[in-house]
Amino acid sequence: YRLILKAENFLRDGRKGAIISKKLPIYKYFEEKYGINNLFLFDLSSEARAFYTHVSQDEFKILQIVLEVCENHREYEKKGKYNKH
């Protein structure tokens with residue numbers, strides 16, 4: 001719950017995350033699950049990550065929606081189907 005609040009505060013403060021390329025497997029996971037057309041990532045802690053998208057209601061309103069929060073790298077790697085070396 002604290003991580004979700006931290007993600008919400010991050011976006012309320014007007015901060016921006018890193019853009020995730022549409023070519024990456026993690027993007028494809030979110031595209032299939034949520035039908036998104038853009039994806040951003042930001043760090044919540046040394047391990048936790050939050051994924052969010054922008055949704056336009058009209059030309060004046062853009063909503064930022066937190067899709068998921070991963071508490072550790074293992075969750076992130078599983079969603080992106082990344083393999084360990």
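We're numbering straight along the sequence, starting at 1.
- Side-chain atoms of Glu75 and Asn72, non-hydrogen and from C-beta on, do get closer than 4.5 Å to each other.
- Between the Lys61 side chain and the Ser56 main chain, no donor and acceptor come within less than 3.5 Å of each other.
- Closest heavy-atom contact between Cys70 and Lys79: SG-CE, 3.5 Å.
- Note on Ile4 and Leu39: separate hydrophobic clusters, where clusters join Ile, Leu, Val, Met, Phe, Trp and Tyr whose side-chain heavy atoms are under 4.5 Å apart, directly or indirectly.
- Residue Arg15 holds its CZ atom at 12.0 Å from CD of Gln64, rounded to the nearest 0.5 Å.
- Around the CD1 atom of Ile19, the shell of radius 6.0 Å holds no more than 12 heavy atoms that belong to other residues, nucleotides or ligands.
- Looking at every heavy atom in both residues, Asn37 comes nearest to Tyr27 through C-OH, 3.1 Å.
- The minimum heavy-atom distance linking Gly17 with Phe40 is given by the pair O-CD2, 4.0 Å.
- Atom CD1 of Ile36 and atom NZ of Lys22 lie 8.5 Å apart (nearest 0.5 Å).
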Under the side chain to side chain contact (heavy atoms under 4.5 Å, CB included) rule, what do Phe30 and Leu67 come out as? Steps first, then yes or no, please. CA-CA 8 Å; Phe30 282 99; Leu67 300 170; 3.9 Å; yes
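- For Glu71, the CD atom counts as loosely surrounded, since its 6.0 Å shell holds 12 or fewer non-hydrogen atoms of other residues, nucleotides or ligands.
- A continuous path of hydrophobic side-chain contacts links Ile65 to Ile26 [ILVMFWY only; heavy atoms under 4.5 Å].
- With rounding to the nearest 0.5 Å, the separation of OG1 in Thr53 from CD1 in Ile20 is 11.5 Å.
- Once rounded to the nearest 0.5 Å, the distance linking NZ of Lys6 with CG of Leu11 reads 13.0 Å.
- Val66 approaches Tyr52 most closely through the heavy-atom pair CA-CB, 3.9 Å.
- Aromatic ring pairs are classed by plane angle as parallel below 30°, tilted from 30° to 60° and perpendicular above 60°; the pair Phe42 and Phe10 is parallel.
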Residues Arg49, Glu68; criterion side chain to side chain contact (heavy atoms under 4.5 Å, CB included); working and verdict: CA-CA 9 Å; Arg49 306 288 181 263; Glu68 292 186 21; over 6 Å; no
